[in-house]
Amino acid sequence: MTTQEILIQAKETKTALMLADTARKNTALLKMADALVKPEHAARILEANKRDLEEARGTISEVMLDRLMLDEKRIEAMAEGIREVAKLKDPVGRVLSEIVRPNGMRILKTAVPMGVIAIIYESRPNVTSDAAALALKSGNVCILRSGKEAWRTCHAIVEAMQIGLTEAGMPRTAVNLIEDTTRVSANELMTAEGFVDLLIPRGGKGLIRSCVEHATVPCIQTGTGICHIYVDRAADLSMAARIVENAKTSRPSVCNAQEVCLVHRQIAAQFLPMMQEALCRKRQEAGRQPVELRLDEEAAAIISGTPAGEADFDTEFLDYILAVKIVDSVEEAAEHINLHSTGHSEAIVTSDQKAAEHFTAAVDSAAVYVNASTRFTDGGEFGLGCEMGISTQKLHARGPMGLAELCTYKYVIRGDGQVR
């Protein structure tokens, strides 16, 4: 089907989704989850993924290949994510506020679906199921547009979920996958006024910038994460080393991975060798990829690494690379973050309550942590089931976008004959 034909059928399906009650939506979600893990469907998904991996190998990095790769465990995790969404409270119809006017009119501010949500994403197949589940539970039709590297995999996933929708008596066109993976289809979605109620790009800096600059439909800026951890002079250094190691190495290809470490000058001589031990020597001895440390001049005088260039403090590496800078104070750390961050996730490691309070108040990002890894900025970890993306803007959503963020609202006014 052409992109325009998919847009038309999505719009035609919108009312059916908006009117579906909670029980019907939950039944459909459970059927979708079951369909993903049925042996014949899972086998088709894995075969499609194998072909995608074969074509992508050599054209994208190893960490990006890991994002693309599926196995039975990851498919089961996708299905479990859908089941978790089914357990969540339905946001549709929730009364956000109520005002009773002197003339007796009741004005209800009520949560309602957006309508049709388009998601443009790259090489993460799990986004397909996460987005479909969240859209369905919040009463929205979704239009998925994956990157070419993952299209076969995403197509097999959507086919399985559509079987689940049909079994539940819901329209299969509640979940749609664009067939064209060229820039033409992306541009069609960006300019689909009257068809797309919200556009969400999930991917690299180039994709997000293109959507924000060219979209004529409402667009949420998501994803790009230049995430910082500041190790304060009052930090528990063993805790700091564990947090930095987790934030950098547990999955470096994701947007909530740490890219920059700021270290207070007073503890730098003690902490930097500990960090280097954890990120470099121990990983190498264990046969795991060590982290390349890109050091400012002061850090380079304490430990070995690669000299940092100016661009290194403004780069989302998505790889085993960490930029390191020494600072004089929590105030300087916050100033550096606000200058170089993308507004995603930042953390301070400290036992000083005043330093923590200054950091959380001064740092202008969607998620600000005290003594915890930035890797928790995730819909599942926040109790949202899964996420549609992580918004780095301030309107209308910020941080992990769950069901509530996929709703808008309207005013329902109840009277008994009032006239003005």
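Sequential numbering from 1 along the given sequence is applied to the chain's residues. If you're wondering where the values come from, they're calculated on a predicted model, not measured in any experiment.
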remark   = For residues 69-93, the ring pair (Phe, Tyr, Trp, His ring centres under 6.0 Å) pairs (sequence neighbours left out) are none
Just list the side-chain donor-acceptor pairs under 3.5 Å for residues 397-414, sequence neighbours left out, or say none.
from: Arg398; atom 1: NH2; to: Asp364; atom 2: OD1; distance (Å): 3.0
from: Glu405; atom 1: OE1; to: Gly402; atom 2: N; distance (Å): 2.8

task = Any pair with a residue in residues 354-377 that passes ring pair (Phe, Tyr, Trp, His ring centres under 6.0 Å), sequence neighbours left out, goes on the list, sorted by first then second residue, please.
result = none
ask   = What residue pairs, at least two apart or across chains, pass salt bridge (charged side-chain N to carboxylate O under 4.0 Å, His left out) with a residue in residues 43-53?
value = Asp52-Arg152
inquiry  = Just to verify, what does His41 make a ring pair (Phe, Tyr, Trp, His ring centres under 6.0 Å) with, not counting sequence neighbours?
reply    = none
Carboxylate-amine/guanidinium contact Lys11 Asp197, below 4.0 Å = no
task = Could I get the full list of salt bridge (charged side-chain N to carboxylate O under 4.0 Å, His left out) partners for Lys109, not counting sequence neighbours?
result = none
query = Thinking salt bridges, do Arg83 and Glu76 make one under a 4.0 Å N-O criterion?
reply = yes
key: Qualifying salt bridge (charged side-chain N to carboxylate O under 4.0 Å, His left out) pairs with a residue from residues 164-185, counting only residues at least two apart or across chains   = Lys38-Glu167
task = Scan residues 159-218 for pairs that pass ring pair (Phe, Tyr, Trp, His ring centres under 6.0 Å), counting only residues two or more places apart or in two chains.
result = none
note = Residue set satisfying ring pair (Phe, Tyr, Trp, His ring centres under 6.0 Å) with Tyr320, at least two apart, ordered chain then number -> none
message = Show every salt bridge (charged side-chain N to carboxylate O under 4.0 Å, His left out) that has at least one partner inside residues 377-392, sequence neighbours left out.
response = Arg202-Glu387
query = Which heavy atom in Pro125 sits nearest to a heavy atom in Asn49, and how many Å separate them?
reply = CG-ND2, 4.5 Å
query = Restricting to pairs with a member in residues 88-134, which pass ring pair (Phe, Tyr, Trp, His ring centres under 6.0 Å), not counting sequence neighbours?
reply = none
Residue pairs involving residues 116-140 (criterion salt bridge (charged side-chain N to carboxylate O under 4.0 Å, His left out); sequence neighbours excluded) = none
